[in-house]
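Report on the following structure.
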Amino acid sequence: MSDDLLLDPSRPPPGTTVTLSPLVRRLVAPNGSPFTCTGTCSYVVGRGRVAILDPGPDVAEHISALLAAVAGETVSHVVVTHTHRDHSPAARAIAEATGAEIVGCGPHRRARDLILGEQDSMEGSGDLLFRPDREMQDGEAVSGPGWTLEAVATPGHTANHLAFALPEENALFSGDHVMAWSTTIVGPPDGSMTEFMQSLERIRGRSEAVYWPGHGGPVRDPSRFVRALIGHRRARESSILGRLAAGDRRIAEIVPVIYAGLRPELHPAAGLSVFAHLEDLVERGVVATEGAPQLAGEYRIAR
């Protein structure tokens, strides 16, 4: 079986509640962009007494649609995978309307401290106001009639990222850790490529048959897909090392070459991904730089 990374071109439309399985319904928020596909996927888990997973952005239209989707049912939990502003801000409004407990990831935090003079290029994306009623740790679970959501620690995209297993359907809500429509942005200091790769290795050994991600359609055959995603990241790492060997020293020199054909407005996001790889390579002693790695720093192959 080929382990080439084959992305899914399907784009689930926003605004319509769709039944995906006996226990899972999906409603996509109207916040589509080059970074969110058609929008954030909010999921309703269970029947009668339910959980809402990743309630999405603080958009009145989406909040109203989610509440309409669960009319006549009891919402026991609002479950949040991570604190980016397209995933968690609607949690408080949903909880106030339903009496649900907000659970899942902890408050937003960086993967590392800022170095002297560094600007946090990811700062605007974090939901700094989020506070759960109960922070879940790896392996902890919440449940309702016929359903269980078990936390799976998957840091990398953000430091506080959790996925959630649904054992009754052998499924995993993968948040932004693994998506079928696109590879995941790992942007320091919010995220960490070292932790992201470790989390991929961890879930590669799991047995779920399908992933329901934070954006786009489902990940089918996730074992193969995760293997391919790891291979894709290692190939990207090799391309970066190749550019350093060819004499490039700065991220701005590397991005246009290894992301040939990418729209220029997406170069900053690609640069963050290269930066994340370089941080990891410096930590492993493969690449050298003066002082701590920086977005505008100079890099070379370690001797």
Over 60° means perpendicular and under 30° means parallel, so classify the ring planes of His77 and Trp147, tilted if in between.
-> perpendicular
Pairing residues for His161 by the ring-ring contact (aromatic ring centres under 6.0 Å, His included) criterion, not counting sequence neighbours | His82
Which atom pairs, donor and acceptor, lie under 3.5 Å between side-chain atoms of residues 56-69 and protein residues at least two apart or in another chain?
unit_1: His62; atom_1: NE2; unit_2: Ser42; atom_2: OG; d: 2.9
unit_1: His62; atom_1: NE2; unit_2: Pro55; atom_2: O; d: 3.2
unit_1: Ser64; atom_1: OG; unit_2: Ala60; atom_2: O; d: 3.1

Quick one: does Ile230's side chain get under 4.5 Å of Arg227's, heavy atoms only?
-> no
Taking NZ, NE, NH1 and NH2 as the nitrogens, is one of them in Arg202 or Asp138 under 4.0 Å from a carboxylate oxygen of the other?
-> yes
Members sharing Trp181's hydrophobic cluster (side chains within less than 4.5 Å) = Met179
Listed partners of Ser21 passing side-chain hydrogen bond (donor to acceptor under 3.5 Å, both in side chains), at least two apart | Glu169
Could you pull out all residues at least two apart from Pro34 that satisfy side-chain contact (heavy atoms from CB on, under 4.5 Å)?
-> Arg263, Leu266
Can you name the side-chain hydrogen bond (donor to acceptor under 3.5 Å, both in side chains) partners of Glu195, sequence neighbours left out?
-> none
Any side-chain heavy-atom pair from Cys105 and Ser88 closer than 4.5 angstrom?
-> no
With a cut-off of 6.0 Å (strictly less than), are more than 12 heavy atoms of other residues, nucleotides or ligands near CD of Glu290?
-> no
Residues two or more places apart in sequence or in another chain: which of them pass salt bridge (Lys or Arg N to Asp or Glu O under 4.0 Å) with Glu201?
-> Arg204
List, one per line, each side-chain donor-acceptor pair under 3.5 Å for residues 211-218, sequence neighbours excluded.
unit_1: His215; atom_1: ND1; unit_2: Thr36; atom_2: O; d: 3.0
unit_1: His215; atom_1: ND1; unit_2: Gly39; atom_2: O; d: 3.2
unit_1: His215; atom_1: NE2; unit_2: Asp86; atom_2: OD2; d: 3.1
unit_1: His215; atom_1: NE2; unit_2: His87; atom_2: NE2; d: 3.1
unit_1: His215; atom_1: NE2; unit_2: Asp176; atom_2: OD1; d: 3.3

By side-chain contact (heavy atoms from CB on, under 4.5 Å), which residues pair with Pro14, not counting sequence neighbours?
-> Val28, Thr38
Excluding sequence neighbours, so at least two apart, what forms side-chain hydrogen bond (donor to acceptor under 3.5 Å, both in side chains) with Ser143?
-> none
Heavy-atom count around Arg11 CZ within 6.0 Å, excluding the residue itself: above 12?
-> yes
With sequence neighbours excluded, tell me which residues meet side-chain contact (heavy atoms from CB on, under 4.5 Å) with Ala302.
-> Ala288
In this structure, which one of Val286, Thr289, Ile301 forms a side chain to side chain contact (heavy atoms under 4.5 Å, CB included) with Leu281?
-> Val286
side-chain hydrogen bond (donor to acceptor under 3.5 Å, both in side chains) pairs touching residues 66-76, sequence neighbours excluded, are Arg25-Glu73
Give the C-alpha distance, both sets of side-chain angles, the deciding distance and a yes or no for side chain to side chain donor-acceptor pair (under 3.5 Å) between Ser192 and Arg110.
-> CA-CA 9 Å; Ser192 160; Arg110 299 185 179 102; over 6 Å; no
